2 protein chains.
Amino acid sequence: MGRRNDHTREQLREMVLSAAELLIVREGMAGFSMRKVARAIGYTVGQLYLLFKNQDELFTVLNERTADAIYSALLDETETLNDPAEAIRAAARVYVRFAQRHPNRWQLLFEHRLPAGSEVPKANQMKVQRLFGLVQQRLQCLAPEADADTLRCEAAALWSGVHGVAVLAESNKLNWSGVTDFGALTDRLVDGFLK
Amino acid sequence: MGRRNDHTREQLREMVLSAAELLIVREGMAGFSMRKVARAIGYTVGQLYLLFKNQDELFTVLNERTADAIYSALLDETETLNDPAEAIRAAARVYVRFAQRHPNRWQLLFEHRLPAGSEVPKANQMKVQRLFGLVQQRLQCLAPEADADTLRCEAAALWSGVHGVAVLAESNKLNWSGVTDFGALTDRLVDGFLK
DNA sequence: AGGCTTAAATGAATGGTGTTTATTTAAGCC
DNA sequence: GGCTTAAATAAACACCATTCATTTAAGCCT
């Protein structure tokens, strides 16, 4: 076939993105292929390359969406909370639960590497930093006297820890100790930190 | 060519493993291929499949070695230390530094997934748990009165945190906050924990 | 020494992948 | 109805993991 004009460029991009996301959710990075995406939307592979530069760009856009999804989840569960400590605890739990419930999207976001030389776009870096900002903000409320530098360091240490628990929860590789209740584990880490 | 008998089966396996390790170190998972390994040792691809069941088995053996390497590094830097807190701090620093200095081997160990259905062999799980055991042991010295269950939980929380910092150090994806001194970050996390 | 057995090694094939490009198709306009 | 042009395709390229029939040579037996 040739020109069909069933959909606008934007619609097509959207179709590709949601088909790709579904495929990632179902089969993970290992089972993903451009051909499968094309088949899913009833177009040929070539068309995908008129909509996206390459597979990495497609992944990058998907990751932007995943970061947004985590941010929304984080916001949903914390914005009504006034107590900063409570908010941080809740945020940590949501973060870890997201990794557990959406392991394939989580892996794509944090484990997919761009080819050497090309950098993660600023927009994506921002979306990830935004998650961290949420925590930093709450931590500031908790320790208003701390200077900006030590606060950032403290927040980085805390959230790196939470990220570690998320890795543990999502991957079965780090099966150290028979711990399975990651909610409790998260609480222990956060509480230990908010001395 | 046919039968050459230049090397024993064991020698050949060893040649494959070191060539594969070199390739992983140089090019990472993305640049790895069985064909490149075969070319590097002067044999054909088919021969690799007489020595290893498939690529995943080769990776699994490599990962066993990486886990050993981390364990050795951890032991080297902690066995002479008597103070448990000091030992844990040192262990955490070594762990994070390994991730920074050997990112590709580290990624293969913690990010490579076997195809759905097949499990990580017991031997490999043990090698990873052994790392964790080292920390748990020191933590026990520090809190001898704690019961085994809470100790395990506490150790898991602490080491998950350290693992999180290692992820942060190795990947540039988690560029939250401008923190670059991961040694200091590690100390902050550990010290915060050893309240 | 010459033949036989058998393990070592190959080479080619199968079916997959990402990516590029010449070509075809049809929609909208004159 | 013909022309232009954008949309879409089909086929190609160069890889990849994996398998397997075939070839080669080493070691043994007569």
Side-chain angles (χ1 to χ4, degrees), chain A residues 1-17 19-21 23-24 26-63 104 108 111-118, chain B residues 1-17 19-21 23-24 26-63 104 108 111-118:
Chain A
M1 268 180 267
R3 179 167 192 149
R4 304 197 317 213
N5 263 4
D6 295 352
H7 312 93
T8 67
R9 239 186 108 80
E10 259 337 288
Q11 279 178 319
L12 269 177
R13 266 180 76 100
E14 191 51 46
M15 285 164 65
V16 172
L17 284 168
E21 189 161 77
L23 185 57
I24 283 286
R26 287 212 180 129
E27 309 199 24
M29 272 189 268
F32 182 94
S33 91
M34 296 295 266
R35 285 171 156 85
K36 284 186 190 172
V37 173
R39 221 173 299 143
I41 63 166
Y43 280 79
T44 51
V45 229
Q47 180 64 352
L48 297 194
Y49 289 86
L50 300 175
L51 298 165
F52 296 88
K53 188 164 156 285
N54 52 31
Q55 197 182 76
D56 282 321
E57 192 195 285
L58 176 50
F59 281 167
T60 299
V61 179
L62 284 182
N63 281 340
N104 288 339
L108 186 66
E111 296 181 6
H112 174 253
R113 260 78 177 189
L114 293 176
S118 56
Chain B
M1 271 180 267
R3 179 166 192 149
R4 303 197 316 215
N5 263 6
D6 293 355
H7 311 93
T8 68
R9 238 186 112 76
E10 259 335 290
Q11 279 179 321
L12 268 176
R13 265 179 79 98
E14 191 51 45
M15 285 165 66
V16 171
L17 284 167
E21 188 161 76
L23 185 57
I24 283 286
R26 288 212 179 129
E27 309 199 24
M29 273 188 269
F32 182 94
S33 90
M34 296 295 268
R35 283 167 154 86
K36 284 186 190 171
V37 174
R39 220 173 300 142
I41 62 166
Y43 280 79
T44 51
V45 229
Q47 180 65 350
L48 297 194
Y49 288 87
L50 300 174
L51 299 166
F52 296 89
K53 186 165 157 285
N54 52 31
Q55 198 181 78
D56 282 320
E57 192 195 285
L58 176 51
F59 282 168
T60 299
V61 179
L62 284 182
N63 281 340
N104 289 339
L108 185 66
E111 296 181 6
H112 173 254
R113 260 78 178 188
L114 293 177
S118 56

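A quick note: this is a predicted structure, and the numbers were derived from the prediction, not measured. A note on names: the letters A, B, ... follow the listed sequences, proteins ahead of strands, and every chain is numbered from 1.
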Atom [atom1] in [X], atom [atom2] in [Y]: separation rounded to 0.5 Å?
X	Y	atom1	atom2	answer
B:M34	B:T44	CE	OG1	11.5 Å
B:K53	B:L48	NZ	CG	15.0 Å
A:T60	A:L114	OG1	CG	5.0 Å

Open item on the list: Check this for me: does any side-chain nitrogen of one of A:E14 and A:R9 sit under 4.0 Å from a carboxylate oxygen of the other?
Closed with: no

Rounded interatomic separation in angstrom, taking [atom1] from [X] and [atom2] from [N]:
X	N	atom1	atom2	answer
A:L50	D:dT5	CG	C1'	14 Å
B:Q47	D:dT23	CD	P	18 Å
B:L51	C:dA9	CG	C1'	11 Å
B:K53	D:dT19	NZ	C1'	13 Å
B:D6	D:dT24	CG	C1'	13 Å

- [ ] Output yes when at least one side-chain N/O atom of B:Y49 is less than 4.0 Å from OP1 or OP2 of D:dT19, else no.
- [x] no

Open item on the list: I'd like to know whether B:R39 forms a side-chain contact (heavy atoms from CB on, under 4.5 Å) with B:V45, so could you lay out the CA-CA distance, the side-chain angles of the two residues, the decisive distance to 0.1 Å, and finally the verdict.
Closed with: CA-CA 8 Å; B:R39 220 173 300 142; B:V45 229; over 6 Å; no

TODO: Might you work through the side-chain contact (heavy atoms from CB on, under 4.5 Å) test for B:D56 and B:H112, ending with a clear yes or no?
DONE: CA-CA 9 Å; B:D56 282 320; B:H112 173 254; 2.9 Å; yes

Open item on the list: Apply salt bridge (charged side-chain N to carboxylate O under 4.0 Å, His left out) to residues A:R26 and A:E21 and explain how you reach the verdict.
Closed with: CA-CA 9 Å; A:R26 287 212 180 129; A:E21 189 161 77; over 6 Å; no

- [ ] Give the nucleotide from the list D:dT18, C:dT19, D:dA8 with an atom nearest to the side chain of A:Y43.
- [x] D:dA8

TODO: Specify the residue among A:G46 and B:G46 whose closest nucleotide of DNA chain C lies further upstream toward the 5′ end.
DONE: B:G46

TODO: Check each residue of residues 7-16 of chain B for a non-hydrogen atom within less than 4.0 Å of any atom in DNA chain D, then write out the ones that pass by number, or none.
DONE: none

Open item on the list: Going by purine N1 to pyrimidine N3 plus the second Watson-Crick contact, or the G-U wobble pair, all under 3.5 Å, which nucleotide sits opposite C:dC29?
Closed with: D:dG2

TODO: Please examine the side chains of B:Y43 and B:V37, heavy atoms only from C-beta on, and report whether any two atoms are closer than 4.5 Å.
DONE: no

Task: 4.5 Å side-chain heavy-atom contact, A:L17 and A:L58 - done: yes

Using atom names, set out every protein N or O paired with an N or O of nucleotides 13-16 of chain D below 3.5 Å, distance rounded to 0.1 Å.
residue: D:dC16; atom: OP1; partner: B:S33; partner atom: OG; Å: 3.2

